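Report on the following structure.
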Amino acid sequence: MKVDAERFLADLHKLREFGAAGVGKGVVRPAYSKADIAARDWLAGRMREAGLTPQFDPVGNLFGLAEGASLLLGSHSDSQPEGGWLDGALGVIAALEVARAAQEADGPPISVVSFEDEEGRFGVTTGSAVWAGSTPLEVADGLTDRDGVSFAAARAAIGDRSGDFIDPARFTGYVEMHIEQGPVLDGSGEKAGVVTDIVGIRDMRITFSGQQNHAGTTPMHLRRDAFQALAAFNAAINARFRNVVTPATVWTIGHVGLHPNASSIVPGRATFSMQWRDGDSDRLNRMERIIRDTAEEIAQAQGMGLSFGPMLGLEPVAMDATLRAALEAGAEAVAPGNWRKMPSGALHDATNVARLMPVAMLFTPSIGGISHAFEEDTDEADLVAGLRVLAEAVGRLR
Ligand code: GLV
Ligand code: MN
Ligand code: MN
């Protein structure tokens with residue numbers, strides 16, 4: 001099977017035009033935005049031209065279906081609020097190119113997918129989580145984004161494009177190509193990473209409620225300042241995690257909403273995201289206990305109300321041995337001795353799809369290890385090398 005590197009790169013650059021923003025090759029294409037829907041309509045057209053049957057499901061996951069039983073390749077085409085041009089997009093366009101090349105070479109039937117809301121505007125990998133049954137649609141519909149818009153309202157943007165959910169039984173497995181989004185391959189100079197497992201994640205919103213008041217007249221000892229509670233919470237969990245975490249464990253407070261967020265007002269409310277990731281479910285659970293206990297102690301000590309939002313989570317998953325072996329053989333064929341096996345610290349749709357069928361993942365290097373930022377990039381020669389690894393692997397799975 002012979003992939004067309006120019007056609008692949010041209011499609012990748014075309015997809016970036018939907019929501020192109022910021023410096024370098026930045027993209028703003030969050031789930032259900034105008035740019036996201038327009039990109040999906042363009043992708044559906046490219047799928048049709050490739051001889052696939054495009055079909056949207058009720059949450060906006062877009063499949064390009066081959067006839068009969070097929071291997072599913074893909075990723076997602078929504079972006080972070082500030083994202084790069086490759087996160088997700090690479091796996092979708094590489095899938096499209098391999099599907100085209102397979103048809104041209106009378107190769108194995110390949111279907112393509114672009115999952116929706118992988119980037120978690122509403123949750124964690126929402127589109128594939130609903131498709132895989134880990135998040136029931138009624139539960140997803142009740143989730144809200146940081147502006148209070150519900151998933152149910154946002155997904156109405158799919159309109160009459162929506163068909164039924166696709167029966168997963170038509171697929172023999174799922175392979176997702178993605179940028180690494182970390183510094184390992186860039187640092188070692190290796191061309192590819194074959195993923196061994198994907199870490200688990202927990203994510204929830206926490207709110208401290210104090211008393212909004214005048215910032216000039218309220219003495220310090222009488223304040224119930226929600227920001228001070230958040231600051232104390234952050235310092236306390238950093239100290240308490242020390243005995244529990246490994247160097248691979250990560251945790252992030254990435255979004256903070258202070259109410260009313262004005263210089264002369266003691267903040268009455270602090271709502272923030274608390275996210276933590278690790279390869280070990282027990283450790284994730286121990287961290288959850290620390291988070292909940294610490295928030296309760298601080299709320300008590302500072303006279304705060306406290307509420308926890310729904311906790312979203314995905315368990316760590318191992319990649320399928322057969323699919324992984326095909327990627328390893330593909331990597332060795334394209335970049336002999338210049339690739340590695342590695343875990344994924346980023347979340348991917350493959351985690352959800354693993355509930356339905358065997359899955360595997362392939363990484364290409366990320367320059368400077370930067371992602372979820374406009375500066376995200378990869379050398380085009382490395383993108384093409386990754387595409388060739390994927391095609392080699394697929395050829396071995398027929
Ligand atoms: C996916 O984008 C993640 O946050 O790992
Ligand atoms: Mn991604
Ligand atoms: Mn991402």
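All of these numbers come straight from a predicted model, not from anything done at the bench. All values below come from the heavy atoms of this structure, side chains included, with hydrogens, waters and symmetry mates left out. Count residues from 1 along the sequence. We count ligands from 1, going down the list as the structure has it; atoms in each ligand are counted the same way.
Coordination check, His372 versus the Mn ion (ligand 3): passed, since an N/O/S atom of the residue sits under 2.8 Å.
For ligand 1, the atoms closer than 4.0 angstrom to any heavy atom of Arg277 are 3 (C), 4 (O), 5 (O). The Ala346 neighbourhood of ligand 1 comprises atoms 5 (O), with distances under 4.0 Å to a heavy atom of that residue. Ligand-side atoms of ligand 1 in range of Leu347: 1 (C), 3 (C), 5 (O), range being under 4.0 angstrom from any heavy atom. For ligand 1, the atoms lying closer than 4.0 Å to a non-hydrogen atom of Glu118 are 1 (C), 2 (O).
A cation-pi contact, defined as under 6.0 Å to the ring centre and within 45° of the axis, is absent between Arg155 and Tyr32.
Protein heavy atom nearest atom 2 (O) of ligand 1, with residue, atom name and distance: Glu119 OE1, 2.7 Å.
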Could you pull out every donor-acceptor pair under 3.5 Å between side chains of residues 254-273 and any protein atom, sequence neighbours left out?
unit_1 : atom_1 : unit_2 : atom_2 : d
Thr271 : OG1    : Thr207 : OG1    : 3.1
Ser273 : OG     : Gly254 : N      : 3.3
Ser273 : OG     : His255 : N      : 2.9

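Proximity of Leu356 to Tyr174: side-chain heavy atoms (C-beta onward) are nowhere separated by under 4.5 Å.
Comment: Arg396 engages Glu392 in a salt bridge, judged by a side-chain N to carboxylate O separation of less than 4.0 angstrom.
Aromatic pair His348/Phe363: centroids less than 6.0 angstrom apart. Taking the six-membered ring where the residue is Trp, the centroids of Trp131 and Phe165 are separated by 6.0 Å or more.
In summary, the side chains of Glu376 and Ser371 do present a donor paired with an acceptor at a separation below 3.5 Å, with no hydrogens or angles considered.
Only side-chain heavy atoms of His372 come within less than 4.0 Å of ligand 1; its backbone N, CA, C and O stay farther off.
Of the angles at the Mn ion (ligand 2), the one spanning NE2 of His76 and NE2 of His178 is 110° when given to 10°. The Mn ion (ligand 3) lies at the vertex of an angle of 130° between the OE1 atom of Glu119 and the OD2 atom of Asp87 (rounded to 10°).
Under the 4.0 angstrom criterion for non-hydrogen atoms, Gln181 is not in contact with ligand 1.
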